[in-house]
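A short worksheet on the structure shown next.
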There are 2 protein chains.
Amino acid sequence: MSDIPLLRRSPVLRRDCNLAKSFERIGDCWTLLILRSALYGVRRFEDFRAELDVPRSVLSNRLAALVANGIMERREYREEGQRARIEYPLTRMGQGLALPFMAITQWADKWLGGGHSPLTLRSKSTGQRLSVALVDERCRRAEKADIEFVIDAAIARRAERGRRT
Amino acid sequence: MSDIPLLRRSPVLRRDCNLAKSFERIGDCWTLLILRSALYGVRRFEDFRAELDVPRSVLSNRLAALVANGIMERREYREEGQRARIEYPLTRMGQGLALPFMAITQWADKWLGGGHSPLTLRSKSTGQRLSVALVDERCRRAEKADIEFVIDAAIARRAERGRRT
DNA sequence: CAGTATCCGGTCTGATACTG
DNA sequence: CAGTATCAGACCGGATACTG
């Protein structure tokens, strides 16, 4: 069934792995839900709370962590004649999560939504449907069998050594 | 800073959203780490445990959930002359997570790893570097400003109604 | 509106020991 | 090797009240 070759250990140690590091920052159910809303454009404490039905203490805690990690920003702003308000916009780092989230959405639409997509992406100019894909430098789709992992030499050595200790 | 337009509510209700559903299944730090290892080729209980240093009870629990959700499979197998063993290979659904994980890796390499990538993907045949991107049907990269959300009409109506109740 | 403070009950974590 | 059993304690969720 699985065509992934059996390995006893990952080729990259967990502490060298940026993917693993990212889980510490965004690998939590509430955090992921907050980011989902944020990517759609929600920015205010009370809006997050109402939409997600998350306890205030949890929301407060998660927003603080996201700000500390540089994914969101806490900003005071003032609309014409209104009193000051707080908003939590995504930083550029946070906005960069759009592509990963789209990739997950694509996966989820296929496997959890029975192929049905509540939300799809389209090109404004051509109307074509957009999708997430693995492409080469000339933007040609990669064939599954043609993909190869390349491990940074220094990192691979560390993993080898780490294996023995 | 943020060019995402302010919204009071997400355009898709949480219960209609496959992205949100996926968080219930894979939105947990241990589960994500297990999947990371699995995508590299780790398949055995003891190997996951040793590599991640995860408590047995937690690992047992997470593997069971992943199997129940159809992401992994529990399989008994037997090598020549050896005694029976158990392995947890990814199902096709689980293997489908490779693309989302690559997208997160790309994000993490840029923002958490200072642009340094321990592991990159390459085309075996052409040697070109591979990356995750948003493309149209003819596999042309989408311009950021040219992207548009399309919400399924029925879903949008439900969200409208949900907003008032 | 955007939080902080407090509290309690429950679940999950992680450690350790045990089993077929 | 691949788990189950047990258990104390940390942590989390949810409720409610309060503040500037």
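Residue numbers start from 1 in every chain, and the chains themselves are labelled A, B, ... in the order their sequence lines are given, proteins ahead of strands. Since the structure is predicted, the reported quantities are computational estimates derived from the model, not experimental observations.
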What is the distance, rounded to the nearest whole Å, between atom CD of A:Glu76 and atom P of C:dG3? 10 Å

Salt bridge present between B:Glu160 and B:Arg157 (N-O < 4.0 angstrom): no

Starting at atom CG of B:Asp53, determine the distance to atom C1' of C:dA15, rounded to an integer number of angstrom. 12 Å

Determine, using the 4.5 Å side-chain heavy-atom cutoff (strictly less than), whether A:Leu112 and B:Val67 are members of one ILVMFWY cluster. yes

Hey, does B:Tyr88 reach any base, or is it just sugar-phosphate, or nothing, if we go heavy atoms under 4.0 Å? sugar-phosphate

List the steps and the verdict of side chain to side chain donor-acceptor pair (under 3.5 Å) for B:Glu51 and A:Ser10. CA-CA 8 Å; B:Glu51 160 150 310; A:Ser10 297; 2.3 Å; yes

Considering residues, nucleotides and ligands other than A:Glu143, do more than 12 of their heavy atoms fall under 6.0 Å from its CD? no

Ignoring the backbone of A:Phe45, work out which of C:dG3, D:dG13, C:dC1 is nearest its side chain. C:dG3

If you count heavy atoms of other groups shown closer than 6.0 angstrom to NZ of A:Lys110, is the number above 12? no

Nearest nucleotide by nearest heavy atom, which residue falls closer to the 5' end of DNA chain C, A:Ser60 or B:Arg56? A:Ser60

What is the separation between atom CG on B:Leu63 and atom P on D:dT4, rounded to the nearest whole Å? 10 Å

A:Val150 with B:Leu130, same ILVMFWY side-chain cluster at under 4.5 Å: no

So what does B:Arg49 touch, heavy atoms closer than 4.0 Å: a base, only the sugar-phosphate, or nothing? nothing

Would B:Arg141 and A:Val135 satisfy side-chain contact (heavy atoms from CB on, under 4.5 Å), going step by step from the backbone distance to the final call? CA-CA 9 Å; B:Arg141 252 169 229 277; A:Val135 297; 3.7 Å; yes

Test: B:Glu87 and B:Arg75 ion pair at under 4.0 Å: yes

Among residues 20-41 of chain A, which residues get a heavy atom nearer than 4.0 Å to DNA chain D? A:Trp30

Between B:Glu148 and A:Arg122, is the closest basic N to carboxylate O distance under 4.0 Å? yes

Quickly work out the B:Arg8 CZ to C:dC1 P distance and round it to whole Å. 7 Å

Whole-Å distance, A:Arg85 CZ to C:dA2 C1', equals 10 Å

Using a 3.5 Å limit on both pairing distances, list the dot-bracket string of DNA chain C from the 5' end; Watson-Crick and G-U wobble pairs count, crossing pairs take [ ], interstrand pairs take |. ||||||||||||||||||||

Side chain of A:Arg62 only, heavy atoms from C-beta on: which candidate in C:dG3, D:dG13, D:dC1 is closest? D:dG13

Spacing between A:Asp47 atom CG and C:dG3 atom P, to the nearest angstrom: 12 Å

Rounded to the nearest Å, what distance is computed from the CD1 atom of residue B:Ile86 to the P atom of nucleotide D:dC1? 13 Å

Among C:dG3, D:dG14, D:dA2, the one nearest any side-chain atom of A:Ser57 is D:dG14

Would you kindly give the CG-to-P distance between B:Leu66 and D:dG3, to the nearest whole Å? 13 Å

